> 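Quick one: the structure is below, and I'll ask about it shortly.
Labels below follow one simple rule: chain letters A, B, ... track the order of the sequence lines, proteins then strands, and each chain is numbered from 1. In this text the structure is predicted, and so the values were computed from the model without any measurement.
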2 protein chains.
Amino acid sequence: MNIVIQMQKNNQNTRNLLPLTNFEGSLANKVYLVLRTAILSLVYHPGEILRKREICGKLGVSRSPVSEAIAILASEGLVNVVPKAGTYVSLFSMDEIKEGAFLREALELAAVEYLVDKITDDQLAQLYQNLGEQEALISGGDFDAFYVKDSKMHELIMSFTGFKRLRTLAESSWVQVNRARHLNLPSPGRIQETVNEHRNIIKAIEAGNHQQARTATRNHLRQLIKYLEPLEIERPELFEPS
Amino acid sequence: MNIVIQMQKNNQNTRNLLPLTNFEGSLANKVYLVLRTAILSLVYHPGEILRKREICGKLGVSRSPVSEAIAILASEGLVNVVPKAGTYVSLFSMDEIKEGAFLREALELAAVEYLVDKITDDQLAQLYQNLGEQEALISGGDFDAFYVKDSKMHELIMSFTGFKRLRTLAESSWVQVNRARHLNLPSPGRIQETVNEHRNIIKAIEAGNHQQARTATRNHLRQLIKYLEPLEIERPELFEPS
DNA sequence: ATGAATTGACTAACATGTTAGATTGAATGC
DNA sequence: GCATTCAATCTAACATGTTAGTCAATTCAT
C-alpha cells in the first residue's frame with residue numbers, strides 16, 4: 001500500500017510544470033497561467049484530480065494564489081470544483097466543444113465582417129505578411145511552428161477590430177476545442193488546405209465583400225470540428241458520458 | 001476631521017445592500033451577486049472606492065469570500081483593482097460600452113441565425129406568449145415590468161439554442177451597456193417601437209429567413225446605443241477621460 | 001459473497017494573521 | 001505661496017490556521 005502511494009507521488013512530482021517566472025502579473029495570475037498551460041497541453045489529463053497541496057509545494061507558493069487560480073479555471077470550465085471534496089480537470093464534452101466552436105464562429109464572423117469596412121492598408125499588409133510565413137512552412141511539416149502562425153493570424157484579425165476583450169473572449173470560448181486539438185495529429189495535406197482557407201478570408205476582406213468574408217471564415221472554422229468528432233468514439237474514456 | 005469621517009461612514013453604512021440570503025451558492029458567490037447587483041443598479045457609483053472591510057462588516061463575512069467576489073467582478077470589468085492600493089468601481093467607458101454592444105450583437109446574431117433552422121413550434125409559441133405579455137404592458141408605462149419581459153425574451157432566444165454558456169457570456173458582455181442604461185429613463189414611445197422590433201425578429205425566425213432575422217436583430221440591438229451615446233457629454237464625470 | 005454502515009483521510013471553504021506597496025497629507029525647505 | 005519629502009495610514013496580496021462536507025476503503029452484518 002505504502003509503495004503504491006509513493007509511486008503516485010513520484011509520478012506527480014516529476015510532472016512537467018513550467019516555472020512561475022515564465023509568466024507575469026500577480027502570483028495568482030502566474031499560477032493560473034501555469035495550470036492553464038498544463039491542462040491545455042494535457043499534462044494534466046481529463047478527469048484527473050488537481051492536488052492543491054502538491055501544486056503549492058511544487059511552485060513554492062501558499063494556497064491563496066492557487067485557490068484564486070483554480071477559481072478562474074473553474075469559471076472557464078477547465079476544471080470542475082466539487083465543494084469540500086476536490087477539483088478535477090474537466091472531461092471533454094462534445095457538447096461543450098461544439099458550443100465553443102459556435103461561440104468562436106459567432107465572434108470571428110462579427111470581427112471579419114467589421115473589418116471588411118474598416119481594415120487599413122497596413123493591417124492588410126500584416127495579414128499578407130503572416131500568410132507568406134505560413135506558406136513558407138507548408139513543406140517543412142513542422143506542425144507546431146505552423147500552428148503558431150495560424151493562431152497569430154486569428155489574433156491579428158481580432159485585435160484589428162480595436163476591441164480589447166474580443167481576443168480574450170474568443171480564446172476563452174475556444175479553449176475546449178483547443179485542448180481537444182492536442183489529441184490528434186493533423187494530416188499533412190491539411191496545412192495546405194488551411195493556408196488556402198486563410199487566403200480566401202483575407203482576399204474577401206480585401207475585396208470588401210461581406211458575404212464572401214463570412215462564408216470563407218465559417219468554412220474555415222468548421223473544418224476543425226470535422227476532425228474532432230471521431231474522437232468521442234476513439235477515446236471515450238476522456239469524454240463525459242452522454 | 002472626525003466629523004467628516006463619521007459622516008462618510010454613515011453614508012456608507014446606510015447604503016442599501018441586499019441581504020445575502022437573497023442569493024444562493026457559496027458564500028463567495030452570494031457576495032459576488034450582492035455586489036454585482038449594487039454596482040449595476042448604481043448603488044455604488046462609477047469611480048467610487050469599494051471598501052472591503054465595510055463590506056465584510058455589513059454582510060457579516062470574512063475577507064476571503066469578499067476577495068473572491070471582487071476577483072470575479074474584476075474579470076468582468078465591473079471593478080478596477082489597483083494592486084496594494086484599492087478597488088474602484090469602474091468608470092463608464094464609451095469604448096467599452098460599444099465593445100459590449102458589438103459582442104452582444106455577435107452572439108445574438110449567431111443565436112438567431114441558428115434558430116432560424118432549428119426552432120421548434122413550442123419554442124416559437126413561448127416567444128409569441130412573451131410578446132403578448134409585452135404588448136399588454138405598452139400602455140401602462142411601467143418601464144421596469146416591461147424591461148423584465150424584454151430581458152426574458154432575449155434570454156429565451158439564447159437558451160433555445162441549447163448552448164449553456166451562451167446566455168452567461170452574452171449577459172457578461174452586455175453588462176456595461178446594461179449599467180449605463182440605468183442612467184437615463186426610456187422615452188414613452190420607445191416601448192411601442194421595441195415591441196415592434198421584437199415582433200420583426202420573431203416573425204423572421206418563424207419565416208425561416210436568415211437575412212431578415214439578422215437584419216431585424218441587428219436593427220433592434222443598435223437602437224439602445226443611440227440613446228446611450230449622448231450620456232458621455234451629459235454626465236462626463238462618470239466616464240473615463242478619453 | 002454481498003450490501004449497508006462507519007470511520008478516517010482528504011478536500012474546499014472560510015477566518016484571520018502578516019507583509020509590502022500605494023496613497024495621502026502634513027511638515028519642511030525654498 | 002509652492003514644490004518636495006517623508007511618515008502615517010490605507011489597501012491588496014499573500015500565508016496560515018480552522019471548519020465542515022465528501023469520498024472511499026474497510027468493517028461488519030446478512
> Can you tell me if A:Ser64 touches the phosphate of D:dC14, counting only side-chain N or O atoms and a distance under 4.0 Å to OP1 or OP2?
no
> Rounding to a whole Å, what distance do you find between A:Leu20:CG and D:dA13:P?
17 Å
> Look at the side chain of B:Leu27 and decide which nucleotide, out of D:dC14, C:dA12, C:dC14, has an atom nearest to it.
C:dC14
> Are B:Arg235 and B:Phe92 in a cation-pi contact, defined as NZ or CZ under 6.0 Å from the six-membered ring centre and within 45° of the axis?
no
> Taking N or O atoms only and anything under 3.5 Å, show me the protein contacts with nucleotides 17-23 of chain C, one pair per line.
| from | atom 1 | to | atom 2 | distance (Å) |
| --- | --- | --- | --- | --- |
| C:dG17 | N7 | B:Arg63 | NH2 | 2.6 |
| C:dG17 | O6 | B:Arg63 | NH1 | 3.4 |
| C:dG17 | O6 | B:Arg63 | NH2 | 3.1 |
| C:dG21 | N2 | B:Lys84 | O | 2.9 |

> To the nearest 10°, give me the bend of the helix from C:dA1-D:dT30 to C:dC30-D:dG1, comparing the axes of its five terminal pairs at either end.
0°
> Strictly by side chain to side chain donor-acceptor pair (under 3.5 Å), give each pair with a member in residues 159-169 of chain A just once, sequence neighbours left out.
none
> Which of these nucleotides, D:dC10, D:dC14, C:dA12, is closest to any side-chain atom of B:Arg51?
D:dC10
> Using the ring pair (Phe, Tyr, Trp, His ring centres under 6.0 Å) criterion, which residues pair with A:Tyr114? Sequence neighbours excluded.
A:Phe163, B:Phe102
> Using a 4.0 Å heavy-atom cut-off across all strands, classify B:Ser26 as base, sugar-phosphate, or nothing.
sugar-phosphate
> Rounded off to whole Å, could you give me the CD-to-P distance for the A:Glu68 and D:dA12 pair?
12 Å
> With sequence neighbours excluded, what pairs up with B:Lys30 under the salt bridge (Lys or Arg N to Asp or Glu O under 4.0 Å) test?
none
> Return the 5'-most residue of the pair B:Arg53, A:Gly25 with respect to DNA chain D, ranking by each residue's nearest nucleotide.
B:Arg53
> Quick check for you: to the nearest 0.5 Å, what is the distance between B:Leu127 atom CG and B:Leu115 atom CG?
8.0 Å
> Which part of the nucleic acid does B:Ser67 contact within heavy-atom distance under 4.0 Å: base, sugar-phosphate only, or nothing?
nothing
> Among the candidates D:dC14, C:dC14, D:dA15, find the nucleotide nearest to the side-chain atoms of A:Ala28.
D:dC14
> Between B:Leu238 and B:Glu232, is the side chain to side chain contact (heavy atoms under 4.5 Å, CB included) condition met? List the steps.
CA-CA 8 Å; B:Leu238 299 180; B:Glu232 191 172 10; over 6 Å; no
> Categorize A:Ile70 for me: base, sugar-phosphate, or nothing, with a 4.0 angstrom heavy-atom threshold over every strand shown.
nothing
> Rounding to a whole Å, what distance do you find between A:Leu50:CG and C:dT11:C1'?
12 Å
> Are B:Leu20 and B:Leu27 close enough that some pair of their side-chain heavy atoms sits under 4.5 Å apart?
yes
> Scan for side chain to side chain donor-acceptor pair (under 3.5 Å) pairs involving residues 73-83 of chain B, sequence neighbours excluded, and state none if there are none.
B:Tyr32-B:Glu76, B:Arg36-B:Glu76
> Quick one: which of D:dA12, D:dC14, C:dA12 gets closest to the side chain of A:Lys52?
C:dA12
> Do the side-chain N and O atoms of B:Gln126 and B:Asn130 include a donor-acceptor pair separated by under 3.5 angstrom?
no
